[in-house]
Amino acid sequence: MELGLRVDVDTYRGTRTGVPNLRKIFYDNAITASFFFSMGPDNMGRHLWRLLRPAFLKKMMRSNAPGLYGWDILLRGTIWPGPVIGREAGQVIRAVAADGHETGLHAWDHHRWQVKALLMDDEMVYHDIEAGFNLFADIVGRPPSCSAAPGWICNNTILKQKDLFPFTYNSDCRGTDVFLPLVEGRSLTVPQIPVTLPTYDEIIGSRGITAESYNDHLLSLIQPDRLNVLTVHAEVEGIICRELFVDFLERCRQKEISIVPLGRLLKEDEPLPGATVRLGEIGGRQGLVCMQNKN
C-alpha cells in the first residue's frame, strides 16, 4: 500500500520548530513527503475572533488547542503584524527542498485565505497566489512545483486561477480519487490530489478517540486498492504530537505501507477522470471545505 503524505506548514513557529523536527524524523526513517509552506505574514492569532462561533469554540475545546498549538501561535498577529514567514525562515524552506522533499505553496497569508478566499474575485485570487509563488521562487531558486489550499478552502474561481500557474498538481479538496477539475463545462489542466484521511484535530476527542487509540484508528482507515492521502501539520505532528507521529510511521513500516510524496501518486499511463467540486461539511472541522463530487 502507498500513503501519500502531505505536511502543511501554517505558521512561523511551525516553520522554525516543527519543520526541522520533521526533517530529522523523515531522515531517520528514509521518508520523503510533500511540504506546503505559508510564505507571508503569520496572522493566525486573528482566528481567536472565531471563538464567538459556537462550533469553532467547541472544536478548540475538544482538541485542546492552546496545548496543541501553543499560545504564541494562537496570539500571533493579534496586536501587531506577524512576521513574514518566508523572509524570517527562508533557510528552513531551502533545507527541506535540499533534502529532496516535494515542496509547494500553501498560502501567502494563511489566516486571510481561510476567512476571505471564497469572497475573492479572479484578480484577488491570482495576486494572492502570485505573492506566495514569487517569494517561494526567490527563496528556493525555483518555483513551487505544487500547491495545497489551507483548510481545503477552494472553489471554481480559485481552481481557474491556479490553473494559470505551472503546478504539476494541486491538493485543494477532500475526496476519493485523483482527478481533473471540471469548471464551467471544461476540464482544467492541473490534476487534483485530494486528501482522503482525517486530520488529528478532526478526530481527536470524538467518538472516544484518544491519543492512545488515535494511531489504531488512523491505520484502520488506510486501505489497499484505494487512494490514501494524509495531511499532518508541522505545528502538531512536528511538535507536541511528535512521538505519536513517530509511532505511526513505525507502524506503517511494520504494515508495509510505503509513505510517498503526493506527486508519486500521479500515474502517467492512466488517464484521469474529470470531476466537479462543491462546498460541504466534514465532521470535526468548522466551516465549509472543498469536496470532490463523484460524477
Side-chain angles (χ1 to χ4, degrees), residues 1-10 14-15 17-37 63 68-69 92-93 95-104 106 145-146 148 152 168-169 171 174-178 193-270 284:
M1 287 187 288
E2 284 188 329
L3 172 63
L5 185 59
R6 160 179 160 174
V7 180
D8 285 4
V9 189
D10 299 349
T15 310
T17 303
V19 169
N21 289 340
L22 289 172
R23 285 183 61 214
K24 184 178 187 309
I25 291 170
F26 291 154
Y27 177 82
D28 290 345
N29 289 273
I31 287 171
T32 52
S34 301
F35 282 78
F36 295 93
F37 290 98
S63 62
L68 187 62
Y69 296 105
V92 176
I93 300 171
V96 171
D99 286 346
H101 296 289
E102 202 167 58
T103 50
H106 198 32
S145 63
C146 44
W152 301 277
T168 57
Y169 71 85
S171 182
R174 307 292 280 264
T176 57
D177 306 282
V178 180
I193 302 180
V195 170
T196 66
L197 298 166
T199 61
Y200 179 87
D201 62 315
E202 289 171 0
I203 58 176
I204 195 70
S206 66
R207 302 192 303 277
I209 298 171
T210 65
E212 289 72 27
S213 61
Y214 174 77
N215 282 342
D216 286 330
H217 177 73
L218 188 58
L219 287 162
S220 74
L221 301 177
I222 301 172
Q223 300 292 328
D225 303 321
R226 57 159 286 180
L227 180 69
N228 297 294
V229 179
L230 174 67
T231 296
V232 300
H233 287 84
E235 295 77 11
V236 180
E237 284 84 355
I239 304 179
I240 194 167
C241 292
R242 183 171 42 178
E243 291 184 5
L244 185 69
F245 184 52
V246 170
D247 177 69
F248 171 77
L249 296 178
E250 172 59 22
R251 294 173 65 179
C252 283
R253 187 189 65 79
Q254 294 171 359
K255 291 178 174 289
E256 298 184 342
I257 297 171
S258 298
I259 296 175
V260 299
L262 269 58
R264 287 268 297 276
L265 301 174
L266 292 172
K267 311 301 182 185
E268 294 183 2
D269 57 343
E270 296 180 8

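- Counting only distance, with no hydrogens or angles, the side chain of N21 and the backbone of I239 share no donor-acceptor pair below 3.5 Å.
- The shortest distance between side-chain heavy atoms of V236 and T199 does not fall below 4.5 Å.
- In this view, Y214 and Y200 satisfy the ring pair (Phe, Tyr, Trp, His ring centres under 6.0 Å) rule, not counting sequence neighbours.
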TODO: May I have the step-by-step check of side-chain contact (heavy atoms from CB on, under 4.5 Å) for V246 and L249, ending in yes or no?
DONE: CA-CA 5 Å; V246 170; L249 296 178; 5.6 Å; no

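- Side chain of E235 to main chain of D10: a donor-acceptor pair is present (N/O by atom type, distance under 3.5 Å, no hydrogens or angles).
- Between M1 and I222, the shortest heavy-atom distance links the atoms SD-O, 3.9 Å.
- A side-chain contact (heavy atoms from CB on, under 4.5 Å) with F35 is found for one member of T15, V9, I93 and no other, namely V9.
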TODO: Please step through side-chain contact (heavy atoms from CB on, under 4.5 Å) for the pair N29 and R253, ending with a clear verdict.
DONE: CA-CA 9 Å; N29 289 273; R253 187 189 65 79; 5.8 Å; no

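- The two residues S213 and G208 have their closest heavy-atom pair at OG-O, 4.0 Å.
- The CG atom of L221 lies 8.5 Å from the OG1 atom of T196; values are rounded to the nearest 0.5 Å.
- To the nearest 0.5 angstrom, I209 atom CD1 is 12.5 Å from E212 atom CD.
- What you find for G100 and T32 is that their closest heavy atoms are O-CG2, 4.1 Å.
- Formation of a donor-acceptor pair under 3.5 Å by the R6 side chain with backbone atoms of S171 is found in this model.
- Note on ring orientation: taking the six-membered ring where Trp is involved, the planes of H106 and F36 are tilted (angle from 30° to 60°).
- Contact detail for L244 and N215: the closest heavy-atom pair is O-ND2, 3.0 Å.
- In terms of heavy-atom proximity, G175 sits nearest to P194 at N-CB, 3.4 Å.
- Residue Q223 places its CD atom among more than 12 non-hydrogen atoms of other residues, nucleotides or ligands, all under 6.0 Å distant.
- With rounding to the nearest 0.5 Å, the separation of CD in E250 from CG in D28 is 12.0 Å.
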Task: Steps toward side-chain contact (heavy atoms from CB on, under 4.5 Å) verdict (I259, F26) - done: CA-CA 10 Å; I259 296 175; F26 291 154; over 6 Å; no

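- To the nearest 0.5 angstrom, N228 atom CG is 11.5 Å from T176 atom OG1.
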Task: Check against side-chain contact (heavy atoms from CB on, under 4.5 Å), T103 and F37 - done: CA-CA 8 Å; T103 50; F37 290 98; 4.2 Å; yes

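- Here the OG atom belonging to S34 is positioned 7.5 Å from the CD1 atom belonging to I193, to the nearest 0.5 angstrom.
- Minimum interatomic distance between E102 and P261 (heavy atoms only, all atoms of both residues): OE1-CB, 3.7 Å.
- Atom CD of E256 has 12 or fewer neighbouring heavy atoms from other residues, nucleotides or ligands inside a 6.0 Å radius.
- In this structure, the separation between CD on E202 and OG1 on T231 is 8.5 Å, given to the nearest 0.5 Å.
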